[in-house]
**Q** 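So that we are looking at the same thing, I have put the structure below in structure tokens.
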Amino acid sequence: MQSAHPIKLAVFGQPISHSLSPRIHEMFGNQLGIPVDYQAIESSPEQLPERLIEFRDSGGMGANLTLPLKETGLELCEYVDIGARYAGAVNTLKAIKSGWHGYNTDGAGMMLDLDRLGLQVNGRNVLLIGAGGAAAGLLEPLLAAGPNLLCILNRTPERASTLVDRFAHRGNLSAGGLEEGPDLTGFDLLIQSTSAGHNQDGLTLRRDWLNDNARAYDLNYGRAHTGFNQWCQNNELPVHDGLGMLVGQAALAFEIWTGKRPEIQPVLTSIRGVV
Ligand code: ATR
């Protein structure tokens, strides 16, 4: 039986009206018998401290942060978990007595999805395209899964080198420029983390960087996945979009708030019909 009072949750971002998070978390709540009041609240980075106080005062107990607030969120937390610290960004907040505890479930959400799809990282050669905030959030859990090699390629090579320097103690890493390509070939898994698809920009990638049996994973979904998806189809490279990661990171946030992990697959099936 459901309790009478819904838990009060919200996602903050700018823009935010397109967010799928309210729908996803309502479905999680229905699944687990936990009534949820989950709002989408527009906020700029400058407005966030005040918006969070208002939300907290109105009974808010948990929140998600999305673009462009994940870095600002880190500074507003009393405590942050290791994922958030490594990523330099927070996507989940939980109210504690003295403020907020910050987490980053993005990287772990992608790992859940790679598992679901049977994409192995342990012992494999992984090529990560992009070295922005999204890539930074993946590195800790990716390296914890024990790849043989993780190579980061970025349009601006210096950003890839900076990330490699930060994580060099955690595994076998290399960095390079997208234009030059990696020093080695034979990669098993290609992870696309750039925002190029949002501007419908093409990426200059080469199929011969990868094994014949390689597979690809794009952090993007919907329209932003179109260009990379087309490149993969043209190059006979099986590819998965990032919708499962979206639901995975949300499931981990829901678990942080409630102690209960919802099932991902039924929610993923349901939202696949609307993007
Ligand atoms: P996010 O948080 O989405 O990662 P970001 O920190 O602004 O956003 O990083 C965007 C990433 O997409 C970067 O790796 C960026 O490359 P640069 O560091 O060279 O800017 C990459 N990116 C964006 N548009 C791109 C394009 N047209 N071609 C290649 N890479 C692109």
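In listed order, ligands and their atoms are each counted from 1.
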**Q** Does any donor atom in the side chain of H225 or D218 lie under 3.5 Å from an acceptor atom in the other side chain?
**A** yes

**Q** Would one find more than 12 heavy atoms of other residues, nucleotides or ligands at under 6.0 Å from atom CD of E50?
**A** no

**Q** Check the angle between the aromatic planes of F12 and F55 and answer parallel, tilted or perpendicular using the 30° and 60° thresholds.
**A**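 Because their plane-to-plane angle is over 60°, the rings of F12 and F55 count as perpendicular.
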
**Q** What distance separates L190 CG from N125 CG, expressed to the nearest 0.5 Å?
**A** 12.5 Å

**Q** Would you please write out the protein residues whose heavy atoms approach any atom of ligand 1 to under 4.0 angstrom, listed by chain and number?
**A** G130, A131, G132, G133, A134, N154, R155, T156, R159, L178, T194, S195, A196, D201, L203

**Q** Identify which one of L112, L119, D113, L114 satisfies the side chain to side chain contact (heavy atoms under 4.5 Å, CB included) criterion when paired with R116.
**A**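 Testing each of L112, L119, D113, L114 against R116, the sole residue satisfying side chain to side chain contact (heavy atoms under 4.5 Å, CB included) is D113.
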
**Q** Sort and list the pairs that fulfil ring-ring contact (aromatic ring centres under 6.0 Å, His included) and have at least one residue in residues 82-109, not counting sequence neighbours.
**A**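 Sorted pair list: Y79-H101, Y86-F167, H101-Y103.
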
